[in-house]
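These notes are about the structure you will find just below.
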Amino acid sequence: QTGYVTLDKGYKNTGATKSAITFLDGEEGILRYRGYSIEELAAKATFLEVAYLLIYGELPTQEQYSKFENSIRRHTIVNEDMRKIFEGFPVNAHPMGVLSSLVSAMSAFYPDSYDGKGEDKTELHILRLLAKLPTIATWSYKKSQGHPVNYPKNSLDYCSNFLHMMFALPVEDYKIDPVVAEALNVLLILHADHEQNCSTSTVRLVGSSQANLYSSISAGISALWGPLHGGANQEVIEMLEAIKADGGDVAKYVDMAKNAKTTGFRLFGFGHRVYKNFDPRAKIIKKAADDVLSKLGVNDPVLEIAKQLEELALNDPYFVQRKLYPNVDFYSGIIYRALGIPTNMFTVMFAIGRLPGWIAQWKEMRETKEPIGRPRQIYVGETLRDFVPMADRK
Ligand code: SDX
């Protein structure tokens, strides 16, 4: 090996870039987007306002916001030929696989000049992604129900339009419940960015080779799908349901997690690479779960199980020593379910929320002209050896 390589598996102690987008303090449990606290943004902003803030660096004026919102509305319709690609998927295809495929396919419908010399259409691609992701996301759900897909309604705001496309049926008027729309707004804001997490680092790495934005975002969606990352929100509900089916014996599952080496079991929704204190998003989501479920009159027994599990784990030395706290995924699924969103769509919801963050990070990487990402390694394989003709191999 030439030069000196320090091995840092999982990049636990490696800073990959400088960024001005999101600030995290894992010890203090602080999260800020462009300097604004997540608590204030979740309480006072709309998701599109936060998307604008992340991507362009400032909260929009009324005029900027109206222009942004109207520009997005002009792109919510998806090319009908993409529906033909979509129709080819089996009905039980996981919505995350469908989403990453169709976002990648957008690079065929909206090509950049492949030689990289044509006009820069990045701003248009950004609007198309923000506009079309919700439309595409709802197709999977409608297909799984055997229902016709809905076209977007541009008279609705971003969250209400998503709910309309998800739940409206041709046979009756669909009324948007403001409680549901507001809960969705808060959840999308809380997922909007999170500095250099696995999927964001993927988006940056793919984009660093000058690959187009759609391909980079599609790669981010695939990375997010993993159960250790965004896929955890689906795993949490399945874990809580298993505990409920098992008589609500949370102590048994905490013990299984403590013996992870033999059981191979982890408490999904617990632990975080950066937060060694409470994930501030989990605090907001836990409180919102109580509020939203009571306002909607939903009594979901797994909420109580989740609280018991949290209580038990937070007082257990195994978790305390390892500073394992509930993360963003621990309570989010309980709210999604109360909003009528099925479990296999939870990670899609995470992707819709994270999209502006991925876009902002990709844009910053390009604007700061970051070099192509290309880590080194420590080679531990065979030393030089001669080729052996097949006839002589044992
Ligand atoms: C997200 O990076 C981000 O910011 C991600 C995210 C974002 O917004 O983008 O915040 C979103 O992905 C949240 C995390 C969702 N994932 C889960 O809930 C899956 C369960 N959590 C773990 O797999 C784990 O905590 C990770 C993946 C989140 C973090 O893994 P690390 O930092 O590599 O920690 P580790 O696996 O080295 O664990 C350290 C120790 C180990 O024990 P020892 O080997 O030291 O004895 O803690 C244990 C682990 O076994 N441990 C757990 C545990 N998480 C870690 N034990 C039981 N249950 C868990 N959940």
Side-chain angles (χ1 to χ4, degrees), residues 8-16 19 21-26 29-33 38 42 50 54 96 187-204 220-240 243 250-285 306 309-310 312-314 316-333 346-347 349-358 360-361:
D8 182 17
K9 282 185 181 173
Y11 310 119
K12 293 192 176 188
N13 300 296
T14 295
S19 176
I21 299 170
T22 291
F23 172 73
L24 283 197
D25 180 321
I30 295 171
L31 172 57
R32 297 183 196 133
Y33 297 157
I38 195 67
V50 170
L54 287 167
M96 283 298 277
L187 283 169
L188 293 180
I189 288 173
L190 292 174
H191 287 82
D193 194 50
H194 215 240
E195 59 135 275
Q196 305 311 315
N197 59 86
C198 176
S199 54
T200 299
S201 300
T202 303
V203 169
R204 277 180 169 258
I221 294 170
S222 299
L224 185 72
W225 192 2
L228 293 187
H229 191 12
N233 59 15
Q234 175 172 346
E235 297 286 344
V236 168
I237 284 291
E238 288 167 5
M239 172 185 74
L240 295 172
I243 296 173
V250 287
K252 176 179 161 190
Y253 285 78
V254 167
D255 285 342
M256 275 162 56
K258 286 160 64 176
N259 301 301
K261 304 267 190 273
T262 43
T263 62
F265 176 75
R266 281 195 166 191
L267 285 188
F268 284 97
F270 261 81
H272 197 277
R273 175 62 60 75
V274 178
Y275 289 125
K276 300 307 171 192
N277 193 320
F278 238 94
D279 181 333
R281 302 166 297 178
K283 272 188 192 166
I284 298 170
I285 294 174
L309 192 54
E310 175 188 335
L312 203 56
L314 293 189
D316 185 299
Y318 177 95
F319 289 83
V320 173
Q321 282 154 18
R322 292 167 176 79
K323 300 186 176 184
L324 301 174
Y325 290 86
N327 58 49
V328 66
D329 294 313
F330 191 60
Y331 286 103
S332 55
F346 288 179
T347 312
M349 302 311 295
F350 195 142
I352 294 173
R354 185 54 52 89
L355 178 63
W358 286 333
Q361 298 272 351

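Counting starts at 1 for both ligands and their atoms, in listed order. Only heavy atoms go into these numbers, but all of them, side chains included; no hydrogens, no water, no symmetry mates.
When only modelled atom types and interatomic distance are considered, Asp193 and Thr22 share a side-chain donor-acceptor pair under 3.5 Å. Judged purely by distance below 3.5 Å, without hydrogens or angles, the side chains of Gln196 and Tyr11 never pair a donor atom with an acceptor atom.
Residue Leu228 has at least one nitrogen or oxygen atom sitting less than 3.5 Å from a nitrogen or oxygen atom of ligand 1, judged on distance alone. Of the polar atoms of Lys276, none of the N or O atoms is found under 3.5 Å from an N or O of ligand 1, judged by distance alone. The N/O atoms of Asp279, backbone and side chain alike, include none that comes under 3.5 Å of an N/O atom in ligand 1. Checked by distance only, ligand 1 and Ala260 stay at 3.5 Å or farther apart across all their nitrogen or oxygen atoms. Not a single N or O atom of Ala257, backbone or side chain, sits closer than 3.5 Å to an N or O atom of ligand 1.
Looking at Gln321, Met239, Arg281, Arg273 and measuring to atom 32 (O) of ligand 1, the nearest heavy atom belongs to Arg273. The heavy atom nearest to atom 57 (C) of ligand 1, considering only Asp329, Val274, Val328, Leu267, is found in Leu267. Nearest residue to atom 18 (O) of ligand 1 from Pro227, Ala192, Gly269 is Gly269 (criterion: closest heavy atom).
Taking every heavy atom of Asn197 and a limit of under 4.0 angstrom, the matching atoms of ligand 1 come to 2 (O), 3 (C), 4 (O), 5 (C), 9 (O). Listed by number with element, the atoms of ligand 1 under 4.0 angstrom from any heavy atom of Tyr318 are 42 (O), 48 (C), 50 (O), 56 (N). Shown in contact with Lys12 at under 4.0 Å from a heavy atom are these atoms of ligand 1, numbered in order with element: 33 (O), 37 (O). Near Ala232, meaning under 4.0 Å from one of its heavy atoms, ligand 1 places the atoms 15 (C), 16 (N), 17 (C), 18 (O). Short contacts between ligand 1 and Lys261, defined as distances under 4.0 Å to a heavy atom of the residue, involve ligand atoms 43 (P), 44 (O), 46 (O). Residue Phe268 approaches ligand 1 through these ligand atoms, each under 4.0 Å from one of its heavy atoms: 18 (O), 19 (C). For ligand 1 and Gly271, the ligand atoms under 4.0 Å from any heavy atom of the residue are 25 (O), 28 (C).
For Asn277 (side chain) and Gly29 (main-chain N/O), no donor-acceptor pair under 3.5 Å exists by modelled atom type. Although no hydrogens or angles enter the test, the distance criterion places a donor-acceptor pair under 3.5 Å between the side chain of Arg273 and the main chain of Gly10.
Phe330 has its ring centre no less than 6.0 Å from the ring centre of His272.
Counting heavy atoms from C-beta on, the side chains of Arg281 and Tyr275 come closer than 4.5 Å. Contact of the Tyr318 side chain with the Leu324 side chain is registered, since non-hydrogen atoms from C-beta on lie closer than 4.5 Å. Here the side chains of Arg354 and Asn197 are in contact, with some heavy-atom distance below 4.5 Å.
Phe330 does not count as a contact of ligand 1, since none of its heavy atoms falls under 4.0 Å from the ligand. By the 4.0 Å heavy-atom criterion, Glu235 is excluded from the residues contacting ligand 1. At least one heavy atom of Arg354 sits under 4.0 Å from some atom of ligand 1.
The heavy-atom pair separating Ala257 from Phe319 by the smallest distance is CB-CZ, 4.0 Å. In this structure, Gly231 and Thr347 approach most closely via the heavy-atom pair CA-OG1, 3.5 Å. The shortest non-hydrogen separation linking Asp329 to Ala232 is OD2-CB, 3.6 Å.
From Ser201, atom OG reaches atom CD of Glu195 across 8.5 Å, with rounding to the nearest 0.5 Å. Going from atom NE2 of His194 over to atom CD1 of Ile21 covers 13.5 Å, rounded to the nearest 0.5 Å.
Nearest protein neighbour of atom 24 (C) of ligand 1, counting heavy atoms only, is Arg266 NH1, 3.4 Å. Regarding atom 12 (O) of ligand 1, its nearest protein heavy-atom neighbour is His229 ND1, 2.9 Å. Phe270 O, 3.4 Å is the protein heavy atom nearest to atom 20 (C) of ligand 1. For atom 6 (C) of ligand 1, the closest non-hydrogen atom of the protein is His272 NE2, 3.7 Å. Looking only at heavy atoms of the protein, atom 4 (O) of ligand 1 is closest to His194 ND1, 2.6 Å. Ranking the protein heavy atoms by distance from atom 53 (C) of ligand 1 puts Leu324 CD1, 3.9 Å first. For atom 40 (C) of ligand 1, the closest non-hydrogen atom on the protein side is Arg322 CD, 3.9 Å.
A cation-pi contact, defined as under 6.0 Å to the ring centre and within 45° of the axis, is absent between Arg266 and Phe268.
Distance check for atom 14 (C) of ligand 1: a protein heavy atom is found below 4.0 Å.
A salt bridge is absent between Asp255 and Lys252: the closest approach of a Lys/Arg side-chain nitrogen to an acidic carboxylate oxygen does not fall below 4.0 angstrom.
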